[in-house]
Each structure stands twice: as structure tokens, then as C-alpha cells.
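Note on naming: letters A, B, ... go to the chains in the order of the sequence lines (proteins, then strands), and numbering restarts at 1 for each one.
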Amino acid sequence: MLVIKSLGPDERSKGVEKSYLMANKKAVFNVFRFDPDKEKEPHYDTFSVEVKVKMSVLEALFEILEKQDNTLAFRFSCRGAICGSCAMFISGKYRLACETLVEKLDPRGIEVAPLPHLRILKDLAVDMEPFYRKFDRIMPFFQEGKQKVEREYIQAIRERKEIDEITDCILCAACESACPLTWTSDYLGPAVLTKAYRFVADSREGATKERLSLVDGEDGVWRCHTIFNCVEACPKRINQTRAIEKLRKGLFARKLGFK
Amino acid sequence: MRDLPYNQVLVVGGGLAGLRAAIEAADRGVDVAVLSLVPPVRSHSGAAQGGVNGALANAEDGRDDTPERHAFDTVKGSDYLGDQDAIQIMADEAPARIIEMEHWGCPFSRTKDGKIAQRPFGGGGFPRTCYAADKTGHYMLHTLYEQAVKRRVKVYMEWASAYFVVDGRRVGGVVAFHLPTGQFEAFQADAVIMATGGYGRIYARSTNAIINTGYGMAMAYLAGAPLEDMEFVQFHPTTLLGNNILMTEGARGEGGLLFNAKGERFMERYAPTAKDLAPRDMVARAIQTEINEGRGFPGGYVNLDLRRLGKQKIMERLPGIRDICISFSGVDPITDPIPIQPGQHYSMGGIGTDVWGQSELPGLFAAGECACVSVHGANRLGGNSLLDTVLFGKRAGERAAQVVKGKPAPRNEKAAQAALERVRKAYAGLIAGTGKEDPNQIRDEMRESMFELVGIFRTQDKLVQAVRKLGELSERYRRVRACYDGKKFNWDLVRTFELGGQLLVAEVIAKGALARQESRGSHYRVDFPNRDDQSWLKHTLAHYSSQGPVLKYKPVTVAKWQPEARKY
Ligand SMILES: Cc1cc2nc3c(=O)[nH]c(=O)nc-3n(C[C@H](O)[C@H](O)[C@H](O)COP(=O)(O)OP(=O)(O)OC[C@H]3O[C@@H](n4cnc5c(N)ncnc54)[C@H](O)[C@@H]3O)c2cc1C
């Protein structure tokens with residue numbers, strides 16, 4: 001397992017950092033580098049980047065790619081915090097590189113590392129395939145109820161609210177990376193379970209029973225240790241632990257014969 | 001020789017248009033795969049905020065809405081350049097497409113009586129834009145991806161398509177480059193559906209994703225499919241100062257207002273009736289005029305004020321906008337106005353198709369923002385693009401399935417190998433480059449020139465200058481420095497390769513704009529400020545030649561509505 005070294009305090013002693021930034025107009029980036037096919041171990045490269053107003057870490061990575069090192073590997077797409085491509089471990093926290101402003105970090109040493117505990121393809125790009133495949137285990141699509149309707153299903157504002165937070169998930173895998181139970185077991189993990197709950201909680205859904213069965217079992221909801229790492233890692237402020245808790249309640253109710 | 005991958009239908013692009021096309025083809029029993037530069041849910045469609053249009057007549061003050069009115073608003077919004085037969089189809093089929101999305105689980109916001117909620121959008125006579133808070137694209141994209149998974153649609157992920165496999169004029173597949181491994185592959189198919197999205201990143205100040213290079217359009221153009229109406233580029237009035245992330249029109253739909261530095265509601269002067277909710281081209285020009293004439297704030301912006309909506313409405317209807325403002329700009333719209341400026345947003349033009357997505361080349365279809373049907377004409381109405389993606393995506397999938405089912409095209413391995421070789425050579429050439437030019441510098445200059453010279457206000461002088469500049473950049477592109485030769489996630493190589501295509505598309509836009517001596521919708525010529533139906537009520541078709549685009553024209557389909565002055 002890779003040890004991520006943390007360089008410099010984050011979001012502390014604002015005064016010092018602000019004045020450093022003012023004086024130098026530059027920030028120091030320590031960027032994780034690794035090509036497992038060519039190197040035995042990872043290392044960090046240091047880059048000094050001129051900081052523009054409201055510059056994001058993603059923009060800084062582009063500055064590095066375009067002006068200093070055209071070999072850097074990372075993922076990106078929307079740059080507006082909605083596509084979920086650029087979740088990384090930045091200065092000791094899970095963040096989306098695109099919505100993390102450089103001015104909010106300690107410019108003397110900003111650490112940019114890939115999502116911990118996922119297999120590294122190169123530098124900041126990790127293997128997402130196992131994460132995507134996990135969703136297949138929970139029937140990851142909406143199932144219409146038996147009662148067919150011509151127009152839209154009627155769903156009360158209150159019922160819609162139930163799925164408000166959990167449909168915000170952008171599949172960035174920060175929670176997957178942060179959950180220690182996914183590191184060592186075949187645990188479905190917080191993102192996949194939240195997705196399952198997204199359907200269970202939807203008043204229009206018709207396959208609640210089957211889906212609950214799919215999240216039952218030792219690699220399902222029961223493995224969660226409620227340590228809230230996922231909640232802390234989530235850039236969308238989703239409470240995965242609560243979603244898992246609700247799935248457990250649903251299963252309990254069924255086991256006790258309430259439903 | 002090893003077998004090349006083959007699917008009956010290959011969809012290039014995993015955004016809303018591509019996924020909807022793939023779902024349709026799958027439902028019609030053909031073997032279909034999606035090939036995409038990014039995993040489908042990372043597509044730019046996910047960034048759409050405001051909503052999708054359809055005359056459902058759900059809103060209390062929208063009960064009288066009909067597809068007919070939707071069609072008329074779209075025709076008028078297009079400044080009469082949209083084809084009225086295609087627009088009628090779109091307006092008529094819109095409710096069915098939206099209800100279908102709902103039946104697939106899309107979590108639309110709700111009215112008090114539990115129906116799909118609708119909000120007013122610019123240029124629409126009724127609250128017609130169905131929304132899911134201000135993350136409509138995100139919800140629609142995830143919903144369609146789920147449906148594609150349900151149908152076990154094969155997805156080739158993180159492949160950058162480079163050229164078509166061609167057999168004469170027939171398109172029979174795609175050659176692509178695999179980002180994670182650097183592998184090349186020829187994907188054979190009996191029909192290819194392009195759904196590669198817009199070209200926003202040819203411009204500076206774009207709301208589009210970084211991956212929206214427009215390369216897909218260049219690919220079709222190079223293969224001989226004409227690009228239609230490319231001079232019509234939508235500039236969105238309200239993008240966040242600095243990084244130009246979109247502030248949805250829904251913000252004004254919900255009651256947000258624009259103010260200049262003198263505190264004036266300037267839209268009252270430009271569009272006395274529709275005011276802040278006039279169509280995008282008009283509001284963008286109004287804002288830019290305020291800025292140009294010194295009534296903007298230093299740094300070149302005006303304010304979008306949401307404070308009057310109150311905290312509750314902002315949190316309920318525009319939570320994503322608020323998050324973006326706070327994270328990216330440090331402004332909380334509950335307590336402060338949002339600094340905004342116009343930015344490039346949407347490409348009305350694209351690969352010319354009929355109402356079934358068929359391009360001029362056999363075997364090649366297109367849908368979504370990379371296509372031009374044309375339903376948006378000279379100016380797209382907000383909420384009509386998401387509609388366009390799912391509606392014409394479905395139609396393209398349907399027609400492609402019919403075509404390949406009827407008579408499967410003979411596969412041509414030789415053509416595939418030749419195309420593969422061509423791509424290998426092109427990439428190898430970039431790695432072996434001996435020049436000194438920095439591709440990133442060329443890209444930056446292209447983007448700045450396009451925004452400055454082929455932007456909101458155009459003139460003969462500026463456009464001539466733009467054409468000259470693009471010629472110079474293409475010249476420099478031939479002498480670009482060697483690219484990185486690594487295999488994995490070699491962005492230097494892929495982005496430099498795509499830049500060549502982007503320069504071609506930029507040239508088509510600039511030359512189309514130079515030729516069109518009138519003002520219509522988004523295309524505003526300061527030296528020809530009026531619309532000229534006599535000479536210019538026609539579509540531009542740009543055909544590739546090695547000497548630059550050959551411009552031809554074709555008539556607009558006018559049905560029910562004769563062109564009238566466009567007042568709001
Ligand atoms: C910020 C923003 C907000 C918007 N809001 C609205 C709205 O509220 N309502 C509305 O109607 N419209 C809106 N639009 C417009 C609308 O979202 C887009 O026009 C639409 O989503 C485009 O969908 P698409 O499927 O055509 O393309 P995209 O979603 O852009 O997908 C393109 C796909 O092509 C793939 N691709 C691209 N190039 C290649 C290549 N070379 N090889 C392989 N794959 C490739 C990509 O990976 C991607 O999967 C908005 C646009 C923006 C920018």
C-alpha cells in the first residue's frame with residue numbers, strides 16, 4: 001500500500017500563506033508520479049506554478065502539463081465539479097481538483113496525489129474499472145412498477161425530497177477510496193450502496209424487494225462499520241452512511257415480517 | 001490476422017445523444033456499442049443545468065401551452081433559419097421523450113400536484129422547461145447511462161476516435177486511440193453515429209467542458225460530410241467571471257435580474273417586453289454593449305442578482321448554482337450579486353443531417369450538439385438542446401438500426417487496415433516532429449482570436465483578420481515540436497492531434513461568418529445590422545477541400561410561419 005506523505009498544513013495560518021502568495025505569486029506543487037510498468041516506486045516531482053486569480057488545482061495541473069512536463073497523467077472533463085473525473089487526494093484531503101482553489105491551500109507545498117488505495121495506472125490516474133463493475137451487482141437502473149401510467153408518475157414534492165441528496169452522486173470514487181472496508185474485502189462500498197438506496201428510496205420504483213436482497217449479505221450493508229470516512233470524503237456532501245443505515249432498516253423490517 | 005472489433009452500429013460519444021441512440025438501437029435488436037473519450041457519465045451533458053423543453057402544460061400558468069406554440073417559439077427564436085418541418089417534429093415528440101425519461105427514473109422536480117415541474121426560459125411563451133433543480137443534465141445523463149447498462153450496451157471507454165474507416169464514400173467504422181494504453185484500433189461497423197458534442201473549446205471564454213474540442217465535427221468534415229450553419233455560435237449571456245462556468249438561464253427564469261455598474265436594469269432598454277428573459281443572443285449583445293460602453297464593472301462584467309429570490313428559493317431551485325458560486329468565486333448569491341459576462345456556449349451548426357440523423361455520407365449518422373438538423377437555426381432556445389439530444393438521438397438510433405438490419409454492408413477489412421495505418425502514421429509524425437512551435441501556444445492563440453474576432457460583434461475587418469490569423473496558425477501547426485512518446489494518458493499527443501482538426505473547424509466558422517453579409521440570431525454583423533431574407537434565408541454548407549472550405553447553400557424549409565421581424 002502506498003503511503004501518501006502530507007506536505008505542509010492545509011487551510012491553516014492564513015496570514016502567512018496569503019503573504020507568501022502575494023510576495024511570490026507562485027505556489028509549489030508536489031505531484032505524485034508513478035508508472036508501475038517502468039518504476040519500482042512512486043516519487044514526487046516539485047513544480048512551481050504562477051498563480052492566477054481564482055486558479056484551481058486542475059488549472060495548475062494544466063499549466064504543468066502545457067509548460068513544464070508534458071508527460072503528466074491525470075483525468076479531467078467538465079472543470080465544473082459535476083462530471084466526477086478529477087477526484088484526487090490534495091493536501092491531505094479528498095477533493096475535486098477543479099473546484100479546489102489554489103489560494104485556499106498552503107502555497108508553500110501543495111500535495112497532489114491520486115485517490116489512495118486504488119490501483120495506479122499512471123501518476124494521478126487510477127484504475128476505475130473495478131469500481132464501475134461493482135455497480136452491476138445491485139441492478140443499477142430504475143425499474144418501473146407494475147402499474148403502468150401514460151403520463152409521468154405522480155410523485156409528491158416530499159417524496160422527491162427523499163432522493164434529493166443521493167441522486168447528487170457523481171461517481172467520483174472518493175468515498176470508495178476512503179472506506180477501509182473496500183481495501184481488503186469485496187464490500188459493495190458506500191457509492192454502490194448509495195446508488196442502491198437511490199432506487200429503494202424512490203417512491204416510483206418497482207423492484208425494492210429484489211434490490212434489498214442484493215445489498216443483504218456480508219459484502220453488503222452489514223459490512224459498514226459506520227466510521228463515516230465516506231461522508232467526510234464526499235465532495236458533494238452526501239451522507240452515504242445514512243443511506244446504508246436506511247437500507248439496513250428496510251432489511252430489518254423485512255426480516256421481522258413488517259413488509 | 002486477428003479479428004477487428006465489429007458492431008452493427010457504433011456510436012461515437014457517450015453523452016445524452018449517444019446514449020439515447022444506443023438505447024434505441026439496442027431496443028431494436030441490433031448489436032450496438034458506444035465508443036467514448038470519457039466514461040459516459042463524464043460527458044459534458046452532465047453539466048446542463050436549466051432543463052429540457054416540452055409542452056406538458058404542467059405549470060399553473062402554462063396550461064394553454066401546446067406543441068404548436070413550442071414550435072412557433074423555436075422558429076422565431078431561430079430567427080427563421082430553423083427548418084420548420086424538423087422543428088414541428090421536435091415539438092410534437094417532445095412530451096413523449098420527456099415522459100419516457102421520467103419512466104426511466106429521471107428525478108425531475110415536482111409541481112404541487114406531483115407532476116414534472118416546469119419553469120420559464122428565454123424566448124418561450126410559457127413555463128415549458130422541465131427541470132430537476134439546476135442539475136437537469138446530470139440527472140438525465142445518469143438515467144440514460146443506467147438504461148444503457150440495463151440493456152448491456154457495450155462501452156469502449158477512454159478511446160479517442162481519430163478517423164473513419166471509409167470505403168469510397170461509405171463510412172464503415174472508426175479508428176481510435178486508447179488513452180490508458182496508447183493502443184490503436186479499428187472498430188468496424190455497418191453504421192456509425194457521431195454524438196461527439198460541441199466545439200466550445202475552440203473559443204476562449206467557453207462554458208464547455210475541456211474535452212469539448214469539436215474534433216468529431218472535423219472528422220466528419222474531413223471525410224466529406226458538409227458542416228452546416230457553422231457561423232452560428234451561441235454566446236450565453238451569463239457565465240461566471242473568470243472561469244466562465246455557466247450560470248443557468250433558469251436563474252433569470254426564477255426571477256434573477258441583470259444590473260449594470262450604475263445599478264440600472266438595462267434589459268428594459270433592449271427588450272421592453274421580455275426584458276431579462278429575451279433570447280440569449282439579444283441578452284448577450286446587451287450585456288456586451290453595456291460593458292463596451294463603460295457601464296460594466298472594471299474587469300468587464302455586470303451583475304446577476306438573485307438576492308430577491310430569497311434563501312429558500314435559491315436553496316430549492318438553484319442549489320448547484322450557489323455551490324458553484326461559492327466554490328469557484330467566493331460569492332454567495334443569497335447575500336451577493338454574481339459577477340457575470342457572456343461566454344461561448346453552444347454550436348447551432350454541425351454535421352448536416354436529415355430528421356433521421358442521416359448525413360450526406362452513407363453509413364454516417366450524427367445527433368446531438370455535433371449535428372445540425374436544423375432545429376436551432378441562428379439561435380437555440382434554452383432547454384431545446386437537451387431535447388434535441390434525446391429526441392434526434394433516438395431517431396438516429398432508430399434509422400441506423402433499420403439500415404443495418406435491412407442489408408448489412410459488406411465489411412472491408414482492407415479499408416479498416418488502411419485507416420488504422422493512416423492514424424498510426426499521423427500520430428507517429430507528431431512524435432517525430434522536428435519543429436519548434438508549441439501546440440499549447442497555438443491553441444491559446446486560436447481560442448483568443450476566435451473570441452475577439454469571430455465573437456458576439458463581428459465585422460468584415462475582424463473576420464478577415466481572423467481568417468488570416470487562422471491561416472498563420474495552421475502554418476505554424478505544421479511546424480509543431482515533437483510530442484511526448486509515452487503510451488499512457490498521453491494528453492500532449494492527443495490534444496496536439498485534435499488541434500489540427502480544431503483549426504479546420506475554426507476556419508469553417510470564420511469563413512462562413514465572413515461570407516454571411518447579414519445579421520441573424522447569434523450571427524451579428526455590425527456592418528450589416530439587419531436580417532436579409534432576400535439573400536440569406538438559407539443554410540450554409542461547408543465542404544472540405546485542401547484549399548479550405550467550399551461554401552454552398554441550401555434553402556430553409558418554411559412551412560407554417562413566414563419570416564417576421566423578431567421582437568421581444
Ligand atoms: C454548462 C452547460 C449547460 C447547459 N444547460 C443546458 C440546459 O439547461 N438545457 C439544454 O437544453 N441544453 C443545455 N446545454 C446544452 C446541452 O447540454 C448540450 O448541447 C448537450 O448536452 C450535448 O450533448 P451531446 O450528447 O451532443 O454531447 P456531449 O454530452 O458533449 O457528449 C459528447 C461525447 O462525445 C465523446 N467524444 C467527444 N470527442 C470524442 C472523440 N474524438 N472520440 C471519442 N469520443 C468523443 C465524449 O466523451 C462525450 O461522451 C448546456 C450546455 C452547457 C455547456
- chain B shares the most heavy-atom pairs under 4.5 Å, among Leu65(A), Leu171(A), Leu121(A), Asp202(A), with Leu171(A)
- Listed by chain and number, what are the salt bridge (charged side-chain N to carboxylate O under 4.0 Å, His left out) partners of Lys122(A), not counting sequence neighbours? none
- Message: Can you tell me which portion of Asp37(A) sits under 4.5 Å from chain B's heavy atoms? Options are side chain, backbone, both or neither.
- Response: both
- Message: As an exercise, state the distance from OH of Tyr153(A) to CD of Glu102(B), rounded to the nearest 0.5 Å.
- Response: 7.5 Å
- Mark yes when over 12 heavy atoms from residues, nucleotides or ligands other than Lys52(A) sit less than 6.0 Å from its NZ; otherwise mark no. no
- Task: Of all the heavy-atom pairs spanning Ile163(A) and Pro107(B), show the shortest one and how long it is.
- Result: CD1-CB, 3.7 Å
- Is there a donor-acceptor pair under 3.5 Å between the side chain of Arg160(A) and the backbone N or O of Phe108(B)? yes
- Around atom CZ of Arg63(B), are there more than 12 heavy atoms of other residues, nucleotides or ligands at under 6.0 Å? yes
- The interface call for Arg152(B) against chain A, heavy-atom contacts under 4.5 Å, is neither
- Message: Under the criterion side chain to side chain contact (heavy atoms under 4.5 Å, CB included), I'd like the reasoning laid out for Ile324(B) against Glu99(A): C-alpha separation, chi angles, the key distance, then a yes or no.
- Response: CA-CA 8 Å; Ile324(B) 290 169; Glu99(A) 71 167 350; over 6 Å; no
- If you tally heavy-atom pairs under 4.5 Å against chain A, which of Ile98(B), Leu141(B), Asn440(B) wins? Asn440(B)
- Is there a donor-acceptor pair under 3.5 Å between the side chain of His142(B) and the backbone N or O of Ile170(A)? no
- Message: Heavy-atom pairs under 4.5 Å with chain A - which of Asn490(B), Thr181(B), Leu240(B), Asn58(B) has more of them than the others?
- Response: Asn58(B)
- Exceeds 12 heavy-atom contacts within 6.0 angstrom, atom NZ of Lys148(A): yes
- Task: Give, for atom CG of Asp485(B) and atom OG1 of Thr71(A), the distance between the pair rounded to the nearest 0.5 Å.
- Result: 10.0 Å
- Query: Are the side chain of Lys488(B) and the backbone N or O of Ala73(A) linked by a donor-acceptor pair below 3.5 Å?
  - Reply: no
- Task: Enumerate by number any residue of residues 192-201 of chain A whose heavy atoms lie under 4.5 Å from heavy atoms of chain B; in the absence of such residues, state 'none'.
- Result: Lys195(A), Arg198(A), Phe199(A)
- Note on the structure: Honestly, the part of Thr111(B) sitting under 4.5 Å from a heavy atom of chain A is backbone
- Please state whether the side chain, the backbone, both or neither of Lys150(B) comes within less than 4.5 Å of a heavy atom of chain A. both
- Stacked cation flag Arg495(B) on Phe62(A), 6.0 angstrom / 45 deg: no
- What's the verdict on side chain to side chain contact (heavy atoms under 4.5 Å, CB included) for Phe76(A) and Ile211(B), showing C-alpha distance, side-chain angles and the deciding distance? CA-CA 8 Å; Phe76(A) 55 85; Ile211(B) 61 163; 4.0 Å; yes
- Item | Under 4.5 Å from any heavy atom of chain B - which part of Met128(A) | side chain
- Atom of Ser77(A), atom of Ala209(B) and distance for their closest heavy-atom approach: O-CB, 3.4 Å
- Look up atom SG in Cys98(A) and atom CZ in Phe328(B), then write down how far apart they are to the nearest 0.5 Å. 4.5 Å
- Query: Between the side chain of Glu152(A) and the main-chain N/O of Ile116(B), is any donor-acceptor distance below 3.5 Å?
  - Reply: yes
- So what's closer than 4.5 Å to chain A heavy atoms on Glu158(B): side chain, backbone, both or neither? side chain
- Which answer fits Pro95(B), side chain, backbone, both or neither, if we ask what part of it has an atom under 4.5 Å from a heavy atom of chain A? neither
- Message: Using side chain to side chain contact (heavy atoms under 4.5 Å, CB included), reason through Asp113(B) and Ile154(A) one step at a time and then give a plain yes or no.
- Response: CA-CA 8 Å; Asp113(B) 44 359; Ile154(A) 298 299; over 6 Å; no
- The interface call for Val149(A) against chain B, heavy-atom contacts under 4.5 Å, is both
- Message: Other residues, nucleotides and ligands only: do more than 12 of their heavy atoms fall within 6.0 Å of CD on Glu232(A)?
- Response: no
- Message: side chain to side chain contact (heavy atoms under 4.5 Å, CB included) for Arg151(A) and Leu56(B)? Distances and angles first, verdict last.
- Response: CA-CA 9 Å; Arg151(A) 290 275 303 207; Leu56(B) 297 181; 3.8 Å; yes
- Note on the structure: So SG of Cys83(A) and CZ of Arg42(B): to nearest 0.5 Å the spacing works out to 6.5 Å
- Task: Please look at Met101(B) and chain A and tell me whether the side chain, the backbone, both or neither of the residue comes under 4.5 angstrom of a heavy atom of that chain.
- Result: neither
- Please look at Gln143(A) and chain B and tell me whether the side chain, the backbone, both or neither of the residue comes under 4.5 angstrom of a heavy atom of that chain. side chain
- Query: Which region of Glu129(A), side chain (C-beta onward) or backbone (N, CA, C, O), has a non-hydrogen atom less than 4.5 Å from a non-hydrogen atom of chain B, or is it both or neither?
  - Reply: side chain
- Note on the structure: Heaviest contributor of heavy-atom pairs below 4.5 Å to chain A, chosen from Arg201(B), His44(B), Lys112(B), is Arg201(B)
- Task: Answer with yes or no whether the side chains of Tyr139(B) and Asp168(A) bring together a donor and an acceptor at under 3.5 Å.
- Result: yes
- Item | Region of Ser56(A) in contact with chain B, defined by heavy-atom distances below 4.5 Å | neither
- Minimum heavy-atom distance between Phe142(A) and Glu146(B), given as atom pair plus value: N-OE1, 4.0 Å
- Taking every heavy-atom pair that is under 4.5 Å apart, which of Asp438(B), Asp323(B), Val38(B) has the most such pairs with chain A? Asp323(B)
- Note on the structure: On a heavy-atom basis, the closest approach of Ile245(B) and Gly80(A) is CD1-CA, 4.0 Å
- Message: To the closest 0.5 Å, what do you measure between OG (Ser206(B)) and CZ (Arg79(A))?
- Response: 7.0 Å
- Hey, which of Gly330(B), Pro180(B), Ser329(B) has the most heavy atom pairs under 4.5 Å with chain A? Ser329(B)
- Query: Counting only heavy atoms not in Glu50(A), do more than 12 fall under 6.0 Å of its CD?
  - Reply: no
- Task: Return the minimal non-hydrogen interatomic distance between Ala47(B) and Ile82(A), and the atom names on each side.
- Result: CA-CG2, 3.7 Å
- Note on the structure: Under 4.5 Å to a heavy atom of chain A? For Asn212(B) that would be neither
- Quick one: of Met139(A), Lys161(A), Arg237(A), who has the most non-hydrogen atom pairs under 4.5 Å with chain B? Arg237(A)
- With distance as the sole test, does Trp491(B) use its side chain to make a donor-acceptor pair with the main-chain N or O of Asn70(A) at under 3.5 Å? no
- Item | Exam field: side chain Arg204(A) to backbone Gly105(B), donor-acceptor pair closer than 3.5 Å | yes
- With a 4.5 Å cut-off on heavy-atom pairs, point out which of Trp104(B), Tyr484(B), Tyr145(B) contacts chain A the most. Tyr484(B)
- Item | Spatial distance of atom CD (Glu66(A)) from atom CG (Asp444(B)) [nearest 0.5 Å] | 6.0 Å
- Message: At a 4.5 Å cut-off on heavy atoms, which part of Arg151(B) comes close to chain A: side chain, backbone, both, or neither?
- Response: neither
- Please check if atom NZ in Lys487(B) has more than 12 non-hydrogen atoms from other residues, nucleotides or ligands closer than 6.0 Å. no
- Message: Is a donor from one side chain sitting under 3.5 angstrom from an acceptor on the other, for Asn243(B) and Glu59(A)?
- Response: no
